[in-house]
Amino acid sequence: MCGIFGIVGHEDAARLTYFGLYALQHRGQESAGIVSWNGREGSCHLHSGMGLVPDVFHEEDLKHLDGETAIGHVRYSTTGKPQPRNAQPLLVRVRNGVQLALAHNGNLTNAAELRRELENDGCIFQTTIDSEIFVHLIARALSTRTLEEAVIEACSKVEGAYSLLILSEGVIYALRDPHGFHPLSMARMGDSWVFASESCAFDLLEADYVREVEPGEMVVAEQGYPTCRSVRFCRGEKPVRQCIFELVYFARPDSRIFGEDVYQCRKCMGRNLIRESMADAECVVPFPDSGIYAALGVAQEAGVPYEHALIRNHYVGRTFIQPSQSMRQFSVRVKINPVRSMIEKKSLYVVDDSIVRGTTIRTRVAKLRELGARAVHFRVSSPPIKYPCFYGIDFPSPNDLIATKYSPEQICAMLGLDSLHYLTKEGLLASVSQPDRYCTACFSGEYPTPLPEVRDKMSLEYRRRGDVRFSG
């Protein structure tokens, strides 16, 4: 997962991009970067580095990034290792010395195939990320096409998930893949056009939300033009399949994505969850911060008091998006401190949004028992994650997924719970306004695209079971 931000036509474009990336920091903590375009000089400037946004950018860096148009990126790797050369945006010179910068959120499912083809044609890759494939495809198409046509040509070659911001010659091209896996929206800020993965970035800048970039649409924004131009490079050919896990976990609760209010969706998941599975509990306790909003729904529907009995240390990063397992285990120990008086001798509803690996929950449930909890009824506001995601969420290996190996009853016993209930797929989809527009492959194994490269890499167990299905 990654976050992307762009702005056209503002004298302080890089600084505003910095703040936009700050709002999107939850989408990636490994690296950050900004490319600005200075129309007076006719050139781009790049600054990127490893770490959080405020660690990568300082006042002198922002002064160097002068110009009136900029795009930025915060990265969490799903392909390519976390290292400086893989930081985005990518900035290259293409045909006739034209500079092109690209920021990508998503994951290409035919990346290995395309990379081999491009390397056989003589392309030299500078990174190990799939995003660079776009750069080479665009550069190759520019021999006979305009940049806009070249971008569309590149999109016709790739498969999988991509939300893109491309900056060239002061123009920003904003695109979403035909399935619309990940969010990308646009807003107006005075005379400037603004683009971001989530609307929370617009709120920080007090920009006026306009609409989403539609699946299969390219929006072209240029300084001095009061309107953007819309190009439909794929209309009605593929079903919309937005990532439901964005609403379950990844997006900020104060964002609006896919036409949904994330906060309200998560509360609705909690209400549906408790309708499916009541228990004898005295209070509702969320695992902060990801379980808070579903827990509110649980408490309201069950008529049970809501208590913050687990207090989060906000100076520790989100365990789910830390890059190594050793860091995840360390983060579990330092991230949450329990309030003993709210736990001792009580029967608890404990609520979280998902169980991916089980590492975090096992440690926390053991701590609740140690502090004297009489009963722990665990409620999960999403179905069991049984299948890998190939579109940009970080659970690509079936070996990492506890629900792949064990039934809910076995997981309940392994975690030392009195009861465990996952929200059903039906209950999850009842929590959104357009249930037929979502990808639920991580729960169901029904993939919306063919995955030729991935099919060979899947475990023997998956292929033997034969319960993974591909369409598209």
Side-chain angles (χ1 to χ4, degrees), residues 242-250 253 258 260-307 309-310 346-356 358 360-362 364-365 368 373-387 401-404 406-446 467:
Q242 298 159 152
C243 173
I244 194 74
F245 211 70
E246 290 269 5
L247 291 172
V248 170
Y249 170 84
F250 215 85
F258 305 146
E260 306 279 6
D261 184 317
V262 178
Y263 185 104
Q264 295 298 338
C265 280
R266 289 179 185 168
K267 280 183 63 177
C268 190
M269 292 170 196
R271 289 195 296 270
N272 290 335
L273 177 61
I274 209 64
R275 287 167 186 162
E276 292 179 355
S277 179
M278 293 284 287
D280 182 16
E282 298 166 67
C283 69
V284 177
V285 176
F287 272 177
D289 286 337
S290 55
I292 287 175
Y293 309 98
L296 283 170
V298 168
Q300 291 172 6
E301 185 67 23
V304 174
Y306 172 95
E307 300 287 354
L310 298 169
K346 289 198 169 67
S347 177
L348 309 173
Y349 275 130
V350 180
V351 182
D352 206 356
D353 59 83
S354 58
I355 301 177
V356 179
T360 301
I361 292 170
R362 183 182 289 109
R364 291 180 185 171
V365 170
L368 293 174
R374 190 174 81 252
V376 179
H377 301 284
F378 205 89
R379 297 295 179 264
V380 185
S381 60
S382 64
I385 299 169
K386 295 183 177 181
Y387 304 94
L401 305 177
I402 190 171
T404 298
Y406 306 105
S407 68
E409 294 75 19
Q410 290 172 315
I411 295 171
C412 182
M414 290 168 58
L415 299 181
L417 301 168
D418 291 272
S419 69
L420 169 65
H421 182 76
Y422 291 89
L423 183 63
T424 62
K425 180 182 169 183
E426 293 74 22
L428 177 64
L429 292 177
S431 306
V432 299
S433 60
Q434 295 179 295
D436 60 339
R437 291 171 65 92
Y438 286 92
C439 173
T440 59
C442 56
F443 310 126
S444 65
E446 297 177 1
D467 59 352

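Atom-to-atom distance recorded for Met269:CE and Leu296:CG is 13.5 Å, nearest 0.5 angstrom. Rounded to the nearest 0.5 Å, atoms CG (Asp261) and OG (Ser433) are 10.5 Å apart. Here the CD1-CD1 distance, from Ile355 to Ile361, works out to 4.0 Å after rounding to the nearest 0.5 Å. In this structure, CD on Glu409 lies 12.0 Å from CG on Leu417, to the nearest 0.5 angstrom. Distance check: Asp352 CG to Ile292 CD1 gives 10.0 Å after rounding to the nearest 0.5 Å.
Closest approach of Phe245 to Ile385, counting heavy atoms only: CE1-CD1, 3.6 Å. Shortest non-hydrogen contact noted between Arg364 and Pro288 is NH1-O, 4.4 Å. Taking each heavy atom of Leu348 and Ala373 in turn, the nearest pair found is CD1-CB, 4.2 Å. Nearest heavy-atom pair across Leu429 and Pro435 is O-CB, 3.5 Å.
Formation of a donor-acceptor pair under 3.5 Å by the Ser419 side chain with backbone atoms of His377 is not found in this model. Under a 3.5 Å cut-off, the side chain of Ser354 and the backbone N or O of Ser382 do not form any donor-acceptor pair. For the pair Tyr349 (side chain) and Ala299 (backbone), a donor-acceptor distance under 3.5 Å is absent. A donor-acceptor pair is defined here as one N or O able to donate and one able to accept, closer than 3.5 Å; no such pair exists between the side chain of Glu246 and the backbone of Cys243.
Under the 4.5 Å side-chain criterion, counting only non-hydrogen atoms from C-beta, Leu368 is in contact with Leu310. Taking the side chain as every heavy atom from C-beta outward, Phe258 and Val432 never approach each other to under 4.5 Å. Looking at heavy atoms from C-beta onward, Met414 lies in side-chain contact with Ile402 at the 4.5 angstrom threshold. Looking at heavy atoms from C-beta onward, Lys386 lies out of side-chain contact with Leu401 at the 4.5 angstrom threshold.
Residues meeting the side-chain hydrogen bond (donor to acceptor under 3.5 Å, both in side chains) test with Tyr293, sequence neighbours left out: none. Partners of Asp418 by side-chain hydrogen bond (donor to acceptor under 3.5 Å, both in side chains), not counting sequence neighbours, listed by chain and number: Arg369. Every residue two or more places apart in sequence or in another chain that forms a side-chain contact (heavy atoms from CB on, under 4.5 Å) with Asn272 is listed here: Cys268, Arg275, Leu423, Ala430, Ser431. Arg266 pairs by the side-chain hydrogen bond (donor to acceptor under 3.5 Å, both in side chains) definition with nothing, not counting sequence neighbours. Residues satisfying the side-chain contact (heavy atoms from CB on, under 4.5 Å) criterion with Ala295, sequence neighbours excluded, are Val284, Pro286, Tyr306, Val351. In this view, Glu426 and Thr424 satisfy the side-chain contact (heavy atoms from CB on, under 4.5 Å) rule, not counting sequence neighbours. Taking the side-chain contact (heavy atoms from CB on, under 4.5 Å) definition, one finds that Pro383 meets it with Lys425, Leu428, Phe443, sequence neighbours left out. Legend: residues meeting side-chain hydrogen bond (donor to acceptor under 3.5 Å, both in side chains) with Gln242, ordered by chain and number and at least two apart, are absent. For Glu276, there are no salt bridge (Lys or Arg N to Asp or Glu O under 4.0 Å) partners two or more places apart in sequence or in a different chain.
Listed by first then second residue, pairs satisfying ring-ring contact (aromatic ring centres under 6.0 Å, His included) with a partner in residues 267-288 read Phe287-Phe378, not counting sequence neighbours. Residue pairs meeting the salt bridge (Lys or Arg N to Asp or Glu O under 4.0 Å) criterion with at least one member in residues 428-440, sequence neighbours excluded, do not occur. The stretch residues 374-384 participates, sequence neighbours left out, in these salt bridge (Lys or Arg N to Asp or Glu O under 4.0 Å) pairs: Glu282-Arg374.
Side-chain contact check for Thr440 and Glu446: no donor-acceptor pair (N or O, by modelled atom type) lies under 3.5 Å.
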(Q) Run Val365 and Val350 through side-chain contact (heavy atoms from CB on, under 4.5 Å) and show every step you take. (A) CA-CA 9 Å; Val365 170; Val350 180; over 6 Å; no
**Q.** Stepwise side-chain contact (heavy atoms from CB on, under 4.5 Å) check, Asp353 with Val380
**A.** CA-CA 5 Å; Asp353 59 83; Val380 185; over 6 Å; no
